[in-house]
Amino acid sequence: MKFLTILIFSLILISSCSIDDPISDKGVPIIVNVNPTEIRVTDTIKIDGKHFGIPSQLNYILIDSLRIISTNCIKWQNNEIWFIVPDSAHSGKLRIVISADTSNSYDLNIIPIPAFDYVQIDPQNFLMGSLTGNNDEKPTEIITITKGFYITTTEISQRLYRVVMQANPSIEIGDFLPVYNVTWLDAVSFCNKLSKIENLDTAYRISGGDVLWDTTSNGWRLPTEAEWELSCRAGTNGDFYIDNLNDIAWYSDNSGYRVKPIASKLPNKYGLYDMSGNVWEWCYDYYNEFYYGNRQTTNPKGPKTGKRRVIRGGAFDQGTYFARSSNRTQPNETNGNIGFRIVRNKNN
């Protein structure tokens, strides 16, 4: 009877050590499924399988030669792993290494930039400027945009900027905050680098501080003032594209003088967020106080020369007046509250 009791206890003990027990399971790691197998950097992947063990400096993921230590993963269990694709990752073979054992491999297609959204703006006429604003917003004129374009729905995020530029000049850091503290040259350099990643023509030829815009390029670029104001107004003619500024903008009255996550207020009718407030946005044009009334009214591109470029939209540390759709200004030498959004030509 005593022998039978010991035998039953031993069988129970053996059966309790299932293959999902990270301590008792010593087999070679096996990947059963990877979801998804096409993904962007900074997104999350799930790996299903077995014999993954427990988090340890000896256990890691390999994407070709890139190593992701298990202790840096979101979740690491014997049969399931979750991890974020690093900024520097490239397409390749995904494997799991447990001590000296290496799993089977899965082909992983990695898109080298985070996702970002944009909308199409169609050719149209609109009333640009303001009769009640500053002198540099007068006179109002009907402006004609004859070429459609795409514009990003948000200001460029710190996550996207960091991946493209391998840098982040922002003062307060956060993936989903807009990048800011950005110079105009930083912004056009970003446009060129993003265009190259997406196999588009670059819009700018940059030589030192000189920048030449190829207007026929299909690559990303900064909006002209006219394109920016057309996009901001979204068919409206007043100071703001929605009556209640608190619904659409982070500005000095509601921001606590801190930058806020992109797309955390209501968009305008074109689906564009933060056109008023959060951070100032660079435009392509040189600033000239007397430019209005002396410009072309079809596809204007700003003065040919100048000292500083235009910024639009107001910022988290600025008042209501600066957030108006028609407001335009030039920055001081410091750029601590300036970001940008980008556009590219639509093939009409």
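Along the sequence shown, residues are numbered consecutively beginning with 1. Note that this is a predicted model, so its numbers are computed, not measured.
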- Message: Could you tell me if Arg328 sits above the aromatic ring of Tyr291, with its cationic atom closer than 6.0 Å to the ring centre and no more than 45 degrees from the axis?
- Response: no

- Side chain Asp214, main chain Ala203, donor-acceptor under 3.5 Å: no

- Query: Are Ile68 and Tyr106 connected in a single hydrophobic cluster, I mean Ile/Leu/Val/Met/Phe/Trp/Tyr linked by side-chain heavy atoms less than 4.5 Å apart?
  - Reply: yes

- Message: Looking at Gln330, is its backbone amide N or carbonyl O close enough to the side chain of Trp280 to form a donor-acceptor pair, meaning the two atoms are under 3.5 Å apart?
- Response: no

- Message: Looking at Tyr161 and Pro178, would you say the former's side chain and the latter's main chain have a donor-acceptor pair under 3.5 Å?
- Response: no

- Listed by chain and number, what are the side-chain contact (heavy atoms from CB on, under 4.5 Å) partners of Asn237, not counting sequence neighbours? Leu127

- Do side-chain atoms of Ser207 reach the backbone of Asp210 as a donor and acceptor pair under 3.5 angstrom? no

- Gap between atom CD1 of Ile151 and atom CG of Asp117 - 0.5 Å precision: 13.0 Å

- Task: Following the transitive rule for hydrophobic clusters with a side-chain heavy-atom cut-off under 4.5 Å over Ile, Leu, Val, Met, Phe, Trp and Tyr, establish whether Val179 and Leu160 coincide in one cluster.
- Result: yes

- Task: Return yes if some donor-acceptor pair links the side-chain N/O of Ser276 with the main-chain N/O of Ala249 below 3.5 Å, else return no.
- Result: no

- Task: Working to the nearest 0.5 Å, report the span between CE of Met128 and SG of Cys232.
- Result: 10.5 Å

- Message: I'd like to know if Ile98 and Ile63 are part of one continuous hydrophobic network [Ile/Leu/Val/Met/Phe/Trp/Tyr, side-chain heavy atoms within less than 4.5 Å].
- Response: yes

- Message: The test is side-chain contact (heavy atoms from CB on, under 4.5 Å); show your working for Thr37 and Asn109 and say whether it passes.
- Response: CA-CA 6 Å; Thr37 54; Asn109 182 26; over 6 Å; no

- Not counting sequence neighbours, which residues clear side-chain hydrogen bond (donor to acceptor under 3.5 Å, both in side chains) with Arg221? List them please. Glu227, Asn345

- Item | Asn33 atom CG, over 12 foreign heavy atoms within 6.0 Å | yes

- Within the side chain of Asn125, is there an N or O that forms a donor-acceptor pair under 3.5 Å with the backbone of Ile142? no

- Task: Verify side-chain contact (heavy atoms from CB on, under 4.5 Å) between Asp285 and Trp228, making sure each step is shown before the conclusion.
- Result: CA-CA 11 Å; Asp285 308 35; Trp228 190 95; over 6 Å; no

- Where do Phe126 and Ala226 come nearest, in terms of heavy atoms and distance? CZ-O, 3.4 Å

- Message: Would you say that Pro86 contacts Leu66 through its side chain, given a criterion of any heavy-atom pair below 4.5 Å between the two side chains?
- Response: yes

- Find out whether Val211 and Arg205 are in side-chain contact, i.e. whether some heavy atom of one side chain is under 4.5 Å from a heavy atom of the other. no

- May I ask you to test the Arg295-Glu141 pair for a side-chain heavy-atom distance under 4.5 Å? yes

- Query: How far apart are the C-alpha atoms of Ile156 and Trp220, what are their side-chain angles, what is the distance that settles it, and do they pass the side-chain contact (heavy atoms from CB on, under 4.5 Å) test?
  - Reply: CA-CA 12 Å; Ile156 298 302; Trp220 292 105; over 6 Å; no

- Message: If you compare all heavy atoms of Ser130 against all heavy atoms of Thr140, which two are closest, and at what distance to 0.1 Å?
- Response: N-CG2, 3.4 Å

- Message: Out of the candidates Ser70, Pro29, Ser103, only one should pair with Phe52 under the side-chain contact (heavy atoms from CB on, under 4.5 Å) rule; please name it.
- Response: Pro29

- From CA spacing to verdict: side-chain hydrogen bond (donor to acceptor under 3.5 Å, both in side chains), Thr71, Gln57: CA-CA 7 Å; Thr71 52; Gln57 293 297 311; 3.2 Å; yes

- Task: Please answer whether the main-chain N or O of Asp201 pairs with a side-chain N or O of Asn218 as donor and acceptor at a distance below 3.5 Å.
- Result: yes

- Rounded to the nearest 0.5 Å, how far does CZ of Arg324 lie from CZ of Arg233? 9.0 Å

- Query: Given Arg312, which of Glu281, Glu155, Glu225 fulfils the salt bridge (charged side-chain N to carboxylate O under 4.0 Å, His left out) condition?
  - Reply: Glu225

- Item | ILVMFWY cluster, Tyr270 and Leu266 together (side-chain gap under 4.5 Å) | yes

- Message: Are the side chains of Thr153 and Pro267 in contact, using a 4.5 Å heavy-atom criterion?
- Response: no

- If only atom types and distance count, is the side chain of Asn59 paired as donor or acceptor with the main-chain N or O of Ile54 below 3.5 Å? yes

- Query: What's the spacing between Glu38 CD and Asp43 CG if we round to 0.5 Å?
  - Reply: 11.0 Å

- Query: Between Asn134 and Tyr321, is a side-chain hydrogen bond (donor to acceptor under 3.5 Å, both in side chains) present by the stated rule, with each step listed?
  - Reply: CA-CA 10 Å; Asn134 296 320; Tyr321 194 76; 3.0 Å; yes

- Do Arg162 and Thr42 come within less than 4.5 Å of each other through their side chains, counting heavy atoms only? yes

- Message: Do Phe149 and Ser231 make a side-chain contact, defined as non-hydrogen atoms from C-beta onward lying under 4.5 Å apart?
- Response: yes

- Query: To the nearest 0.5 Å, what is the distance between CG (Asn327) and CD (Glu229)?
  - Reply: 9.5 Å

- Query: Should Tyr150 and Leu194 be counted in the same cluster of Ile, Leu, Val, Met, Phe, Trp and Tyr side chains packed under 4.5 Å apart?
  - Reply: yes

- Message: Please determine whether the number of non-hydrogen atoms from other residues, nucleotides or ligands lying under 6.0 Å from atom CD of Gln296 exceeds 12.
- Response: no

- Item | ring pair (Phe, Tyr, Trp, His ring centres under 6.0 Å) between Phe190 and Phe340, worked out | CA-CA 10 Å; Phe190 171 90; Phe340 63 105; 5.4 Å; yes

- Message: What verdict does the side-chain hydrogen bond (donor to acceptor under 3.5 Å, both in side chains) test give for Ser157 and Arg159, after you've listed the backbone C-alpha separation in whole Å, the side-chain angles of each residue and the deciding distance to 0.1 Å?
- Response: CA-CA 5 Å; Ser157 71; Arg159 178 171 70 164; 5.1 Å; no

- Under 4.5 Å between any side-chain heavy atoms of Leu62 and Thr102, yes or no? no

- Cationic N near anionic O, under 4.0 Å, Lys260 to Asp274: no

- Message: The test is side-chain contact (heavy atoms from CB on, under 4.5 Å); show your working for Asp239 and Thr320 and say whether it passes.
- Response: CA-CA 10 Å; Asp239 282 343; Thr320 304; over 6 Å; no

- Query: Hey, does the side chain of Glu289 reach the backbone of Asp136 with a donor-acceptor pair shorter than 3.5 angstrom?
  - Reply: no

- Query: Which atom names give the shortest non-hydrogen contact between Pro303 and Asn288, and what distance separates them?
  - Reply: CG-CB, 3.6 Å

- Of all heavy-atom pairs between Asp317 and Ser252, which one has the smallest distance, and what is that distance? C-CB, 4.1 Å

- Message: With rounding to the nearest 0.5 angstrom, report the CZ to CG distance, Arg341 to Leu272.
- Response: 6.0 Å

- Item | Ile242 side chain near Asn268 side chain, heavy-atom distance below 4.5 Å | no

- Query: Short question: side chain of Ser170, backbone of Glu172 - any donor-acceptor pair under 3.5 Å?
  - Reply: no

- Message: For the residue pair Arg309 and Tyr284, would you count it as a cation-pi contact if the rule is NZ or CZ under 6.0 angstrom from the ring centre and within 45 degrees of the ring axis?
- Response: yes

- Of the non-hydrogen atoms in Ser56 and Ile69, which two are nearest, and what is the gap between them? O-CG2, 3.9 Å

- Which atoms form the tightest heavy-atom contact between Trp250 and Ser255, and what is the distance? CE3-CA, 4.0 Å

